[in-house]
Amino acid sequence: MSDEPRRNGTGDGTPEHRAHGDGPTSPKDSDAGAHSALAGSFEHHDVTPEQRKRRKARSRASMTTAIALFVAALVVVVAVLGSTFGLFERKDYHGSGDQPVNFSVADGSTTGQIAQELQSQDIVANASYFVSQFQKRYPEDFIQPGDYQLKTKMSSEDVISTFMDKGEATHYAAIAKTQRLDDTFTTLSQATGLKKNEFETLASDKTKFGVPEKFPDLEGWLHPGEYRFPLDATAEQVLQEMVDRTKDTLKKNDVPEDKWFEVLTVGSIVEFEGTPANYPSVAGAIENRMNNPDGETSGFIQSDASVTYGLGKKTVHLTDEEKKDKSNPYNTYANPGLPVGPIGSPSDDAIAAAAKPEKNDYYYWVTVNLDTGETKFAKTYEEHQKYVEQYQQWCADNEGKCS
């Protein structure tokens, strides 16, 4: 037996022991073990470029979402505050305005009431702002009642200037074409505040206004159109201005005074029987009838409008009995020639047509469409009857419009 230690034994100094024992046998071995343990805990993995892109994309999406939520919340807050405190209300328009508007200030209206009406008609943008600006400039004044010419979308300053600096308060009246005398008096009374019977009483003395005796009253002389009368105008001054406007139109058309009755009377019939486009043609046909008593029409004008005026009615449908009634002095079916006076106040166009009628061969006319005013002219009664049938068919197709 040899005394030499065995190399493959299991004693403490053998490599096998070091390999399978409880721990390292030196400090160096201890440090290496610790390093090995840490390395195992934080295992390194390589990141591909594609993964980096996805991570950045997710990061940007998250940021965008956060910003969007913030902005949305901010919008809600601003909207609520803006609505509460009127931050987004338009305070005023800029400039001198857009479309013309006649604006009426009623007697006793407060500045606030006027401002609200201005806003409702889109003349000013904001009633409260208008009131504040007015009170700054005129703290102790008020707006005079009357009618003013304004425009839509005006600045408050311009409206205030029109009311207070440059504007002259007036009474505004619009007299429509084909409006009869009684209706005109009603319109004038409503516009001026003057009593209707004041106008009626004055009208009975037509010579006061320079109207010839041949006219029954002021019918035909109160010229249609727009008027702005001074606030202190009397009923006589109002009527005189309207009569003077008719006289001016007669003079403009070179109508001598001895022709005033014929021109105004024919013009008033033309106004009812045609449209501005065919006024001269209707006037020519009327002249043909009056100048040819031996023709088919025997000198009768045969105007439905004149008959209804005498009856005090407003209709385009007449009975045979009404057409035969000679007692109606305005009945141009039963009485030849002109009626006893105008049946309304003719416009400039109608007066011009009556003053210079179209030279034509027509004796008949009929409006075949009351909505459009389409009028058909004829030389003979036979031809005229065909157009009358068209008118009757139109009436049948448009129930209630011809009654």
Side-chain angles (χ1 to χ4, degrees), residues 174-180 183-184 219-220 224-225 263-290 295-297 300-325 328 330-334 338-339 342-403:
I175 308 302
K177 294 189 297 184
T178 72
Q179 188 163 298
R180 296 176 180 176
D183 294 330
T184 298
E219 188 70 274
V263 168
L264 290 182
T265 303
V266 171
S268 69
I269 296 174
V270 164
E271 194 82 75
F272 281 89
E273 294 283 349
T275 62
N278 58 44
Y279 284 166
S281 299
V282 175
I286 291 174
E287 184 177 55
N288 291 339
R289 283 171 171 255
M290 291 192 299
E296 277 192 334
T297 58
F300 292 94
I301 295 176
Q302 297 178 321
S303 165
D304 291 352
S306 67
V307 179
T308 57
Y309 180 88
L311 294 172
K313 296 167 60 174
K314 294 179 180 179
T315 179
V316 293
H317 178 71
L318 293 171
T319 66
D320 289 338
E321 289 74 20
E322 288 171 333
K323 290 181 179 181
K324 295 175 182 177
D325 182 11
N328 178 354
Y330 291 89
N331 187 346
T332 52
Y333 279 91
L338 291 171
I343 60 173
S345 292
S347 63
D348 287 347
D349 290 339
I351 290 174
K356 297 178 178 63
E358 176 185 277
K359 298 301 181 182
N360 57 48
D361 297 326
Y362 301 135
Y363 284 82
Y364 303 89
W365 69 91
V366 59
T367 301
V368 297
N369 185 319
L370 300 185
D371 285 342
T372 65
E374 180 185 3
T375 302
K376 297 289 184 72
F377 293 86
K379 298 177 182 179
T380 65
Y381 182 73
E382 182 180 0
E383 182 185 7
H384 174 63
Q385 282 302 105
K386 296 177 182 178
Y387 298 141
V388 171
E389 290 175 3
Q390 290 184 22
Y391 161 70
Q392 292 171 340
Q393 183 60 53
W394 188 90
C395 290
D397 295 338
N398 295 270
E399 186 177 354
K401 290 193 173 183
C402 299
S403 59

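The model shown is predicted, which means the values in this text are computed figures rather than measured ones. Heavy-atom basis, side chains included; hydrogens, waters and symmetry copies ignored.
- Taking all atoms of both residues into account, the shortest heavy-atom contact from E273 to T375 is O-OG1, 4.4 Å.
- Not counting sequence neighbours, Y333 has no partner by the ring pair (Phe, Tyr, Trp, His ring centres under 6.0 Å) test.
- Between the side chain of S303 and the backbone N or O of I269 there is no donor-acceptor pair closer than 3.5 Å.
- Residues V307 and Y330 have side chains not in contact (no heavy-atom distance under 4.5 Å, counting atoms from C-beta outward).
- Both tests hold for R289 against Y364: distance to the six-membered ring centre under 6.0 Å, angle to the ring axis within 45°.
- With hydrogens and angles left out, the side-chain atoms of N288 and D361 include no donor and acceptor closer than 3.5 Å.
- In this structure, V282 and F377 have side chains that are in contact, with non-hydrogen atoms separated by less than 4.5 Å.
- Judged by distance alone, with hydrogens and angles left aside, the side-chain atoms of N278 form no donor-acceptor pair with the main-chain N or O of S281 at under 3.5 Å.
- Going from atom CG of N369 over to atom NZ of K376 covers 10.0 Å, rounded to the nearest 0.5 Å.
- In this structure, the side chains of L311 and L318 come closer than 4.5 Å at one or more pairs of heavy atoms.
- Closest approach of P224 to S347, counting heavy atoms only: CG-CA, 3.8 Å.
- Taking both residues in full, the closest heavy atoms of P342 and L264 are given as CB-O, 4.0 Å, listed atom of the first, atom of the second, then distance.
- Proximity of a side-chain donor or acceptor of N331 to a complementary backbone N or O of S306 within less than 3.5 Å is not detected.
- Between the OG atom in S268 and the CZ atom in R180 there is a gap of 11.0 Å [rounded to 0.5 Å].
- When the shell of 6.0 Å around NZ of K356 is examined, it contains more than 12 heavy atoms from other residues, nucleotides or ligands.
- When side chains are defined from C-beta on, T297 does not count as touching Y381, because their heavy atoms never get closer than 4.5 Å.
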Please report the C-alpha distance between K314 and T308 in whole Å, then the side-chain angles of each, then the deciding distance to 0.1 Å, and finally whether the side-chain contact (heavy atoms from CB on, under 4.5 Å) criterion is met. CA-CA 6 Å; K314 294 179 180 179; T308 57; over 6 Å; no
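- Between the side chain of T319 and the main chain of E322, a donor-acceptor pair closer than 3.5 Å is present.
- To the nearest 0.5 Å, atom CD1 of residue I343 and atom CZ of residue F272 are 5.0 Å apart.
- To the nearest 0.5 angstrom, E358 atom CD is 11.0 Å from E287 atom CD.
- Pairs passing the salt bridge (Lys or Arg N to Asp or Glu O under 4.0 Å) check and including a residue from residues 383-393, sequence neighbours excluded, do not occur.
- Between the side chains of E271 and T178, no donor N or O sits under 3.5 Å from an acceptor N or O.
- Across every non-hydrogen atom of W365 and I286, the tightest pair is CH2-CG1, 3.5 Å.
- Distance check, rounded to the nearest 0.5 Å: NZ of K379 to OH of Y363 gives 11.0 Å.
- Separation of atoms CG (L338) and OG1 (T332) is listed at 9.5 Å; rounding is to 0.5 Å.
- Between N360 and G284, the closest heavy-atom pair is OD1-C, 3.8 Å.
- Residues G373 and T275 come closest through the heavy atom pair O-CG2, 3.6 Å.
- Side chains of T367 and E374 form no contact here, defined as non-hydrogen atoms less than 4.5 Å apart.
- In terms of modelled atom types and a separation under 3.5 Å, the side chain of D397 and the main chain of W394 share no donor-acceptor contact.
- Using a cut-off of 4.0 Å between Lys/Arg side-chain N and Asp/Glu carboxylate O, K177 and D348 are scored as not salt-bridged.
- Side-chain contact check for E219 and Y309: at least one donor-acceptor pair (N or O, by modelled atom type) lies under 3.5 Å.
- For the pair Q392 and V388, the minimum side-chain heavy-atom distance is below 4.5 Å.
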